[in-house]
Amino acid sequence: MSRRAAWLLLFVLAALGAPAQAAFGMVSIREIDQAITELDLARAQKLLDSADFDSLPLSMERARLNIYLGDCARASAILSAPSLRELPEGAQLFGISRTCAQATAAAAVVEVKQHGIWIRLQDDEDRALVPFIADVARRARSTLERDLGVLLPRPLRIDLVRDSFSLSAVSGLAVTAAETTGTVAVARWGRVTMISPRAAPLGYPWEDTLAHEITHLAVTRASGDRAPLWLQEGIAKREETRWRLPRPFDGGISADAVSRAALVSGQSVGIDKIGPSIAMLPSPAAASTAFAEVTSFVKYWIDQNGEAALRLLIADLKGLHAESADGALRSVTGYDLETWNRRWKRYLYNLPKLPDVSDTDRSPQKKTENQDLWRHGSSEALEKSIRLVRLGDLLFERGHSDIAAPQYSSAIRAIPTQPAIRWRAARADLDQSYTDRAAKSLGKVTDLEAPHGAWFALHGRLASSAGDTAVAERDFELGIAQNPLSDDVACEGYWRPRGPGPLNLPPLPSNPEHRALCEAARKIPLGR
């Protein structure tokens, strides 16, 4: 049952058993429902406070508002009433509010009032991330307000949780769905819920992930929650990098290339066949293909119609109150979705020869270390490099950087494009105070095939030592964007000493926010 159908059922039930004045409350309840959906929570609260009667629909909206406000405990208390729990939507909301309340019972809330950002930390050890999260959220929100013409209300709410289980508990997304597709964040119940970068030892691009999810909130508000999934995800993929300057590796394999390869091979998901959520697709490959297809389709549509047409389409979706996007598409462009789908596929078929795209290349950004490190090269080179790096790691962790360095150097010769190997080699060189050799081992960003947080941090440290402050700051920013709670990254290219002897920690960064981040990173056990 859809939420609108459930609402109508609740209203009928309320009208049968409530006082006569309840019959005149339908418009108010509808207004409350829409205000919550569009994140106008202050208005929803005012409407609820002014209601002079009680009913099941009003109680349901009170509970729903509290979930949006992040007060899951109060929502759970309201929904514990048998009359609400017996209804399908009431039972669903009760389950979500209860698990959310349990997961956030000891959470700390930090409000960055000058930026209108509300952040709830399931683990207080993540407090050092707050200034960085707030900065990204502020910049992404500003870009969205410019691009989509929608004003996101303050505060913008973000939940930072420990793992996939907590992500499920707070958002309602099934654990199996999150784990199957590698989902690390969702936008539900008027806020973003995101897994802490702490949970991924190798990190993940959390900044762009956060911007992506904030986009979903903006599109939901602007469209009155009537944007179809292909449009939601297509805009979110478009907006996830527009809030910042271009970075290395932004290009990658184009969405057009992935979409064309899927279309030709018969592995296309289809923009109109995604289902209720990309996170609920059956495999990482299907999710990655779906993301590529909606990205390609929305880019094609905007190229054909212009950005003003995109804003008009979103406004029409809200104004027409239709379940299908066809009416809004025809209003703006003269064509329905089926026609645009055919035109887009014809565009893909007519593209000039594109690079081959393998399943490995289409896998999600969140990978295991072996998948990330050993993607290219012959099997002999891979096996040799794995052995050399493993031996180097064992030696370095025991304080023998002088013997570890040659192992890493040999691994670089076998696979020269892997940033994780180059970073290891440069770190071992610097551990012996061989600065010039470290710079050579590290190489340049153009030598690499993928981003790596610790590589950028070490490159920034060398740039800072050479007096190039601008490059150093840029590199530290890139490192934090990938893996902020690695101590090499958080401590600006410095690491905790290994091996026996006294633990003489390197100096802390001079920037207060970076210093707090470094101190938090140093509390994480080595080798976790």
Side-chain angles (χ1 to χ4, degrees), residues 200-204 249 367-463 465 475 478-479 482-506 518 521-522 524-528:
L202 297 177
Y204 71 90
F249 310 105
K367 305 178 179 71
T368 65
E369 183 165 8
N370 281 351
Q371 287 174 321
D372 194 37
L373 296 183
W374 319 118
R375 193 168 57 187
H376 297 299
S378 67
S379 59
E380 278 186 27
L382 296 179
E383 290 176 8
K384 179 181 178 181
S385 296
I386 289 171
R387 289 196 302 271
L388 289 167
V389 169
R390 179 58 179 156
L391 178 57
D393 286 351
L394 290 171
L395 291 165
F396 185 84
E397 292 301 323
R398 286 159 177 77
H400 303 298
S401 56
D402 55 333
I403 312 175
Q407 314 305 319
Y408 296 136
S409 296
S410 296
I412 289 175
R413 287 193 291 273
I415 306 182
T417 59
Q418 286 296 337
I421 302 176
R422 287 187 167 276
W423 159 69
R424 284 170 162 89
R427 184 178 61 167
D429 292 335
L430 267 185
D431 203 50
Q432 304 168 76
S433 301
Y434 296 143
T435 304
D436 292 341
R437 197 168 80 186
K440 184 177 179 182
S441 296
L442 198 62
K444 300 177 181 177
V445 71
T446 51
D447 298 326
L448 312 179
E449 67 174 29
H452 188 269
W455 187 96
F456 282 116
L458 197 53
H459 193 268
R461 173 180 167 180
L462 293 176
S465 298
D475 283 340
L478 292 171
Q482 189 69 29
N483 196 3
L485 285 170
S486 158
D487 63 341
D488 300 74
V489 173
C491 302
E492 299 183 346
Y494 290 88
W495 57 89
R496 284 171 276 184
R498 296 335 194 247
L503 185 62
N504 297 316
L505 291 174
C518 178
R522 285 179 178 174
I524 299 174
L526 291 169
R528 67 185 176 103

Distance, nearest 0.5 Å, that separates [atom1] of [X] from [atom2] of [Y]:
{"X": "Arg413", "Y": "Lys384", "atom1": "CZ", "atom2": "NZ", "result": "7.0 Å"}
{"X": "Glu397", "Y": "Asp393", "atom1": "CD", "atom2": "CG", "result": "6.5 Å"}
{"X": "Leu448", "Y": "Arg422", "atom1": "CG", "atom2": "CZ", "result": "7.0 Å"}
{"X": "Leu395", "Y": "Gln407", "atom1": "CG", "atom2": "CD", "result": "6.0 Å"}
{"X": "Ile415", "Y": "Leu382", "atom1": "CD1", "atom2": "CG", "result": "4.5 Å"}
{"X": "Leu202", "Y": "His452", "atom1": "CG", "atom2": "NE2", "result": "6.5 Å"}

Does the side chain of [X] reach to within under 4.5 Å of the side chain of [Y], using non-hydrogen atoms?
{"X": "Arg398", "Y": "Leu394", "result": "yes"}
{"X": "Pro201", "Y": "Ser486", "result": "no"}
{"X": "Trp495", "Y": "Leu430", "result": "yes"}
{"X": "Val445", "Y": "His459", "result": "no"}
{"X": "Val389", "Y": "Ile421", "result": "yes"}
{"X": "Arg522", "Y": "Cys491", "result": "yes"}
{"X": "Pro419", "Y": "Leu442", "result": "no"}

If you compare all heavy atoms of [X] against all heavy atoms of [Y], which two are closest, and at what distance to 0.1 Å?
{"X": "Pro484", "Y": "Val489", "answer": "CA-CG1, 4.3 Å"}
{"X": "Pro497", "Y": "Leu505", "answer": "CD-CD2, 4.3 Å"}
{"X": "Leu485", "Y": "Ala521", "answer": "O-CB, 3.6 Å"}
{"X": "Leu388", "Y": "Ala411", "answer": "CD1-N, 3.6 Å"}
{"X": "Ala426", "Y": "Ser441", "answer": "N-CB, 3.9 Å"}
{"X": "Trp455", "Y": "Gly443", "answer": "CZ2-O, 3.5 Å"}

Subject >> Summary of salt bridge (charged side-chain N to carboxylate O under 4.0 Å, His left out) pairs that have at least one residue in residues 435-445, sequence neighbours excluded >> reply: Asp429-Arg437
Subject >> Crowding at CZ, Arg496 (>12 non-hydrogen neighbours, <6.0 Å) >> reply: yes
Subject >> Lys NZ or Arg CZ of Arg427 over Phe396 ring: under 6.0 Å, within 45° >> reply: yes
Subject >> Gln432 side-chain N/O to Ala428 backbone N/O, donor-acceptor pair under 3.5 Å >> reply: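 At least one qualifying donor-acceptor pair exists.
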Original post:
Would you call the rings of Phe456 and Phe249 parallel, tilted or perpendicular if under 30° counts as parallel and over 60° as perpendicular?
Top reply: perpendicular
Original post:
What ring pair (Phe, Tyr, Trp, His ring centres under 6.0 Å) pairs are there with at least one residue in residues 427-446, not counting sequence neighbours?
Top reply: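 Pairs touching residues 427-446 that pass the test: none.
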